[in-house]
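First up is the structure itself, then whatever we jot down about it.
Counting convention: from 1, in listed order, for ligands and their atoms alike. When a residue number appears, it is its place in the shown sequence, counting from 1.
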Amino acid sequence: MTTKKVAAKKNTPETPQLSKSALKNAIVKHLHSTLGTDENKANNHAWWKATCAAIQELVLEGLRKTQKSHYFNDTRAVHYLSAEFLMGRLLSNNMHNLNLFETADGALNELGVSLADVLEEEPDMALGNGGLGRLAACFIDSLATMEMPAIGYGIHYEHGLFRQEIKNGAQIERPDSWRDYGNPWEICRPESTQEVSLYGYVETKYGDNGRIQKEWHPGSIVKGVPWDIPVVGYAGKTVNVLRLWQCQSSAYFNWDVFNAGGYVDAQRENVQAETISKVLYPNDETQAGKELRLIQQYFFCACSLKDIIRRYKRAHGDDWSRFTDQVVIQLNDTHPAIAIPELMRILVDRAELDWDKAWDICTRTFAYTNHTLLPEALEKWPASMLEKILPRHLEIIYEINHRFMAQVEKKWPGNNVVKAKLSIIEESGEKMVRMGNLSVIGSFRVNGVAEIHSKLVKQNLFPEFDQLWPEKLTNVTNGITPRRWLKACNPALSALVDKKVGADWPTNLDKLSGLTASASNKAFQKQFMQVKRNNKIALAKTIKELTGIDVNVDAIFDVQIKRLHEYKRQHLNLLHILALYRRLLENPNYDMHPRVFIFGAKAAPSYTLAKDIIYAINQVAEKINNDPRVNTKLQVVFLPNYRVSLAEKMIPAADVSEQISTAGKEASGTGNMKLALNGAVTIGTLDGANIEIAEEVGDDNIFIFGLTVEEVEALKAKGYNPHDYYYANAEIKAVLDWLETDFFTPGKPGALASVKHSLLSGGDPYLVLADFEAYSEAQKAVDKAYRDPARWAEMAIMNTAKMGKFTSDRSIADYVNRIWNLTPCNVDD
Ligand code: 26Q
């Protein structure tokens, strides 16, 4: 294989493919003939659908051209397998990428309709939990923009991540029904339906050639129906596909039961099949070990592999020799790791390749991205569960492991400790299959998602694998698409940036460094901060609508938005808020610039402490916001139902970005990049991509605090006792004790006590108390810097200016050059 360097493309969108009047006609045509309504009757929802339909016409034209071009050029493609794609809304994105946003705005305006209102009609496509799912969405945007042949494969969940309501301060989960009124972007492709086998038993047979043959007799067969969502690249030339599989019962398999008079039983089978793609599991960073989750994983992997192989065979027939030239499969964490034994099964049992040949193909096909070091997030499945659901796959996994153990024996003769660590099978207690080990063994490349994370993957998670295969483990630092996360979500800042550095920054984000020269320019600072202020006014309006709270737009908007998890330490933020409250009560003249602390976070429904922390934030907010002694200086807002479309409103309005995870725990973070890109200044630990952000913006433009990875390890090794901090720091003691009273929960003393107890008797596993003082000091430095408007403006501008590295185009270029070895495919007519 040759290595060619692929840089992020420097294309800008051309003149719109459609005039305003043509688009207007197309929208009205769809209003009439697709929706059966007219201009006088149509509500915003109808206008939204008609506008989508008009845009989709152009999208589908691009899709057709792209597919034709990929087919005729017989391109090598990456297949991005992910259990999650957190796409958010698509209309605004697609219009921006087709350079039709202004045109559509004008067209709708002439029709007496507000584009902004129309955009609000679109439900988020929330088929993901958080960072990992949103990363997949940013990556397919970049792949299309860079004209790379690529397809995303995932699950067509009927219900995405739950909708969060806050009732009396507590999180309530409601089903997300994103498709209730139809999804205008997706196309069902029943002609590409696949069948997937489950359960049953394995028969061992002896072929004529004396070769042992395995035949899996499934106990159940389900159907995978693909729904295609077009993924429009910026400039609109390449339109790739996100293919999501929906599970249905296989009519064919149930006929016997049906004909035997078992109509009701046959219907029951239908329901069971349909539960497979019914709902997204809402736990991130914890492995639930549920049978249905494993079935979901196998279901979409089996469908996707059949689809990949069908496409390969259409061009190359039964000749497998070119498979690894054409196909690379990226595993987004271990969720699709079952694809490894599935490909082995297809090659060995079906194509009748011998094991070594099949394994060679396999290990040239897969690459694996690790997104976490947290032990509770590492996927393991009971061998007994695999045996029941996927009996042949378990046999194959044992065979892979057996051969791998021989390799380990060669390298470390007689060393059973290393063997036990590297084995795919964990034997202490119930036999478990470790999907991480399987993924490392079955892939040609394994990457972490930020420098420090990849270093820890090598040093702590897979050190022996790194010794065995020193080339295999590598880093690709995450990135975000600047099209959605600056151009579309922050039009005012985008326009200002356009004027300063030219309009091609969306595909060439390093251009933002052109802002550096103006960072200390008074006039530019004024413009930049005026944009920020307007964005804060807009967010204040949203806050008012969602919570009834009037926030002070002259206050510092301090934002922490991410899933709720102890390691992300929203409770560290909360303790600091309590400390400020207390300081203000003790000294009404306590000198601080007014601040609004704004949170957005969903907790996994089964994660009790995470829900307790949400409750605590809301109860503290209620008290502080209604306390006239402090509420001109301190306000706390928890915005319900944090999701992509809400992030797009919060991020442009943030002054301060909270990135305060315990060092070593946040693999990368991507919200940190989005906030900094929009001119928020980070207060953060030396964790994940914060470290690389600090390197880019420089120490003067970020507030770094707290223990380093090494210091965390040393403190834990010496024996961390949170009580030491509790008794040594009167402020810590006071705020923790406060949580145990009924001050924040009148009539219900102890309602917030679990937060305190997790930090004392619970051992404070994420060192909240150890970092409290450093955090509090860093917050004082933030306050001081903000009160110097010129200094703050310069910091904010420098953050935007220095985010070039964190475009997902750079991440994709890294994958393309160092892992996937792809060539862009031109899609011009
Ligand atoms: C696993 C098994 C069963 C059910 C659910 C899961 C599950 C689901 C989602 C486990 C983990 C996740 C999501 C993990 C995630 O979002 N990780 C984040 O990935 C980002 C992109 O690389 C990083 O920036 C974040 O640091 C990391 O936390």
(request) Give a yes or no on whether a salt bridge exists between Lys431 and Glu426, defined as a side-chain N under 4.0 angstrom from a carboxylate O. (result) no

(message) Do the side chains of Asp809 and Arg483 get close enough for a salt bridge, i.e. N-O under 4.0 angstrom?
(response) yes

(request) Count the heavy atoms of every other residue, nucleotide or ligand shown that sit under 6.0 Å from CD of Glu471, and state whether that count exceeds 12. (result) no

(message) With ring pair (Phe, Tyr, Trp, His ring centres under 6.0 Å) as the test, pick out the partner of Trp820 among Tyr815, Phe444, Phe139, Phe366.
(response) Tyr815

(message) For His156 together with Trp245, are the ring centres under 6.0 Å from each other?
(response) no

(message) Less than 4.0 angstrom from a charged side-chain N to a carboxylate O is my criterion; do Glu291 and Lys388 meet it?
(response) yes

Below 3.5 Å only, please: the N or O atoms of ligand 1 paired with protein N or O atoms, distance on each line.
unit_1: ligand 1; atom_1: 16 (O); unit_2: Leu132; atom_2: N; d: 2.9
unit_1: ligand 1; atom_1: 17 (N); unit_2: Glu285; atom_2: OE2; d: 3.1
unit_1: ligand 1; atom_1: 22 (O); unit_2: His371; atom_2: ND1; d: 2.6
unit_1: ligand 1; atom_1: 22 (O); unit_2: Asn478; atom_2: OD1; d: 2.8
unit_1: ligand 1; atom_1: 24 (O); unit_2: Gly669; atom_2: N; d: 2.8
unit_1: ligand 1; atom_1: 26 (O); unit_2: Glu666; atom_2: OE1; d: 2.7
unit_1: ligand 1; atom_1: 26 (O); unit_2: Ala667; atom_2: N; d: 3.3
unit_1: ligand 1; atom_1: 26 (O); unit_2: Ser668; atom_2: N; d: 3.0
unit_1: ligand 1; atom_1: 26 (O); unit_2: Gly669; atom_2: N; d: 3.1
unit_1: ligand 1; atom_1: 28 (O); unit_2: Glu285; atom_2: OE2; d: 2.6
unit_1: ligand 1; atom_1: 28 (O); unit_2: Tyr567; atom_2: OH; d: 3.2
unit_1: ligand 1; atom_1: 28 (O); unit_2: Glu666; atom_2: OE1; d: 3.1

